[in-house]
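Bear in mind that the values here come from a model prediction, so they are computed numbers and not experimental data. FYI, the numbering just counts along the sequence from 1.
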Amino acid sequence: MNVDWLKPAPDSIAGRHMGAGKVKALMLMNLVWIGWLFGDLIFSNETLPASWWYSTFCTLPFFLACYWLCYCRPAREIVRYALGMAALAFLLLWFNNSGASTYMIFCCAYLGFAPTARRAMAYVLVTVACFSIATQLKHWPVAVTVTMCFIAITVGLGNSFYRLNWQREAELKLSHEEVRRLAATAERERIGRDLHDLLGHTLSLITLKLELSRRLFDRDPAAARVEVEEAERVARHALAEVRSAVTGIRTTGIAAEFASCKLLLNASGVFFSYTSEVGDLPPNVEAALALILREAVTNVHRHAGASRADASLHVEDGVLKFCISDNGRGGVGDHGNGLCGMRERAKALGGVLEIESRRGHGTRVSLRVPMPVARTVPALSVVPSTPAATRQAS
């Protein structure tokens with residue numbers, strides 16, 4: 001037996017849950033509804049025949065196998081296993097009414113994961129229509145049939161929307177990574193151009209002076225010595241310029257990170273606004289602030305369940321103050337969700353990071369860094385009603 005069939009595929013529902021940091025056992029929680037398989041024991045006033053027991057326990061292993069495959073196989077294969085549940089539902093309908101309804105609802109739940117919303121709803125509606133006809137042939141009360149069909153369609157529609165959100169988040173992640181990659185590429189190209197402009201002229205000048213000193217070495221040693229010293233001076237100046245240019249190679253600037261975070265949160269339905277009132281920052285400070293902002297916003301996106309987030313950056317009394325807050329569920333631990341890394345970056349800057357996170361009252365991350373030489377500029381504010389753009393204060 002191929003053991004790969006027992007492992008969750010990367011694009012499966014189980015792989016999605018585990019990739020989001022959810023506990024493995026959570027993917028089996030929906031099995032609690034399998035208890036309705038034995039609903040006839042409660043609602044039937046008559047003694048159930050032996051065929052009820054045989055059919056129920058014979059179909060149950062096949063249902064569990066289909067359930068496992070729907071969770072662990074690639075998303076493109078879910079429909080075939082869901083239709084297997086539908087076949088079990090139609091078979092069991094003639095023996096176990098509540099069991100057939102249970103299988104049908106599970107079937108529609110996974111048909112909702114079809115590749116497109118139209119196909120998902122087509123599968124669900126056709127399957128439910130066939131099931132409703134079969135129940136009427138079985139002389140079910142119309143009210144019961146309508147109730148079961150309504151539940152099945154609702155569950156299928158809900159999972160179809162979940163699938164769409166799943167795809168949008170995957171596309172958003174790719175676009176987010178593409179923005180960072182393009183920003184890094186543009187920065188590398190800028191540094192390459194700067195180094196070429198700096199070194200091209202300077203190395204040519206050094207070469208000319210060394211050639212001249214070689215020609216003057218025998219005829220005029222003093223003049224040759226002057227040319228060598230000039231070449232040395234130019235070389236030292238070029239080295240200083242190269243070091244200055246290399247210092248410009250750093251991680252995403254804070255302005256670009258603000259825009260990137262705005263794109264991420266707005267696309268996931270979180271209202272995000274930020275205000276920046278600082279000018280040029282030291283490279284190490286700007287890089288650390290960008291990483292802290294990225295980690296905080298990632299926590300808001302993945303864990304907070306917030307509808308709004310705000311960020312502010314300004315200098316007050318020689319202290320750089322940086323704050324990111326949200327109105328999510330709160331209750332963040334002191335050592336969870338990347339907070340340790342944020343504290344270490346703040347400590348490296350000589351600053352203090354504080355986290356306020358009362359359960360039910362959101363989370364507030366505040367950073368204070370001593371900045372005796374900081375130049376302020378007019379406030380820069382961005383809210384989701386304006387187009388997302390990278391703005392650099394000057």
Side-chain angles (χ1 to χ4, degrees), residues 6 8 12-18 20 22-73 78-114 120 123-125 127-163:
L6 302 178
S12 65
I13 301 175
R16 168 76 175 172
H17 285 174
M18 289 186 287
K22 296 182 179 179
V23 181
K24 264 186 183 180
L26 286 179
M27 70 181 186
L28 303 176
M29 288 299 292
N30 286 332
L31 276 178
V32 69
W33 300 108
I34 201 66
W36 286 107
L37 190 66
F38 305 97
D40 285 354
L41 294 174
I42 301 173
F43 300 108
S44 178
N45 296 324
E46 301 177 359
T47 302
L48 298 175
S51 60
W52 187 95
W53 295 97
Y54 291 144
S55 61
T56 300
F57 285 103
C58 286
T59 58
L60 182 57
F62 293 99
F63 167 78
L64 293 176
C66 290
Y67 181 91
W68 177 263
L69 292 171
C70 282
Y71 251 114
C72 296
R73 296 302 298 160
I78 289 179
V79 171
R80 69 180 69 169
Y81 305 123
L83 292 177
M85 292 182 183
L88 293 174
F90 284 109
L91 176 64
L92 193 60
L93 179 62
W94 308 103
F95 305 98
N96 181 342
N97 294 330
S98 62
S101 301
T102 302
Y103 288 169
M104 180 55 58
I105 292 173
F106 271 101
C107 164
C108 291
Y110 295 112
L111 287 177
F113 286 96
Y123 283 129
V124 170
L125 292 176
T127 304
V128 168
C130 294
F131 185 75
S132 63
I133 294 173
T135 58
Q136 291 308 296
L137 294 175
K138 189 79 173 2
H139 304 294
W140 276 26
V142 175
V144 175
T145 298
V146 170
T147 301
M148 291 298 103
C149 292
F150 175 77
I151 294 173
I153 292 174
T154 301
V155 172
L157 183 62
N159 279 352
S160 179
F161 281 117
Y162 176 79
R163 162 93 178 187

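Although no hydrogens or angles enter the test, the distance criterion places no donor-acceptor pair under 3.5 Å between the side chain of T56 and the main chain of W53. No donor-acceptor pair under 3.5 Å is formed between the side chain of S160 and the backbone N or O of G156. Proximity of a side-chain donor or acceptor of N159 to a complementary backbone N or O of F113 within less than 3.5 Å is not detected.
The 12-atom threshold is exceeded at CZ of F90, counting heavy atoms of other residues, nucleotides or ligands nearer than 6.0 Å. The number of heavy-atom neighbours closer than 6.0 Å to CH2 of W140, taken from other residues, nucleotides and ligands shown, is above 12.
From L91, atom CG reaches atom CG of N96 across 11.0 Å, with rounding to the nearest 0.5 Å. Rounded to the nearest 0.5 Å, atoms CG (L69) and OH (Y81) are 5.0 Å apart. The distance from atom CG of L93 to atom NZ of K138, rounded to the nearest 0.5 Å, is 5.5 Å. The distance from atom CZ of F95 to atom OG of S51, rounded to the nearest 0.5 Å, is 6.0 Å. Atoms CG and OG, from L137 and S132 in turn, are 9.5 Å apart once rounded to the nearest 0.5 Å. To the nearest 0.5 Å, atom OG1 of residue T145 and atom CD1 of residue I133 are 11.0 Å apart.
Between L92 and A100, the shortest heavy-atom contact is CD2-N, 3.8 Å. Summarising the geometry of Q136 relative to P141, their closest heavy-atom pair is NE2-O, 4.4 Å, with the distance given to 0.1 Å. In plain terms, the two heavy atoms of G112 and V124 that are nearest each other are N-CG2, 4.4 Å.
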- Task: List the steps and the verdict of side-chain contact (heavy atoms from CB on, under 4.5 Å) for F63 and L37.
- Result: CA-CA 11 Å; F63 167 78; L37 190 66; over 6 Å; no

- Task: Show your working on side-chain contact (heavy atoms from CB on, under 4.5 Å) between Y67 and Y110 and close with a plain yes or no.
- Result: CA-CA 9 Å; Y67 181 91; Y110 295 112; 3.1 Å; yes

- Message: Applying side-chain contact (heavy atoms from CB on, under 4.5 Å) to W52 and F38, what does each step give before you reach the verdict?
- Response: CA-CA 10 Å; W52 187 95; F38 305 97; 3.7 Å; yes

Please output the side-chain donor-acceptor pairs of residues 101-108 that fall under 3.5 Å, not counting sequence neighbours, one pair per line with the distance.
from : atom 1 : to  : atom 2 : distance (Å)
S101 : OG     : N97 : O      : 3.2
T102 : OG1    : S98 : O      : 2.8
Y103 : OH     : T59 : OG1    : 3.2

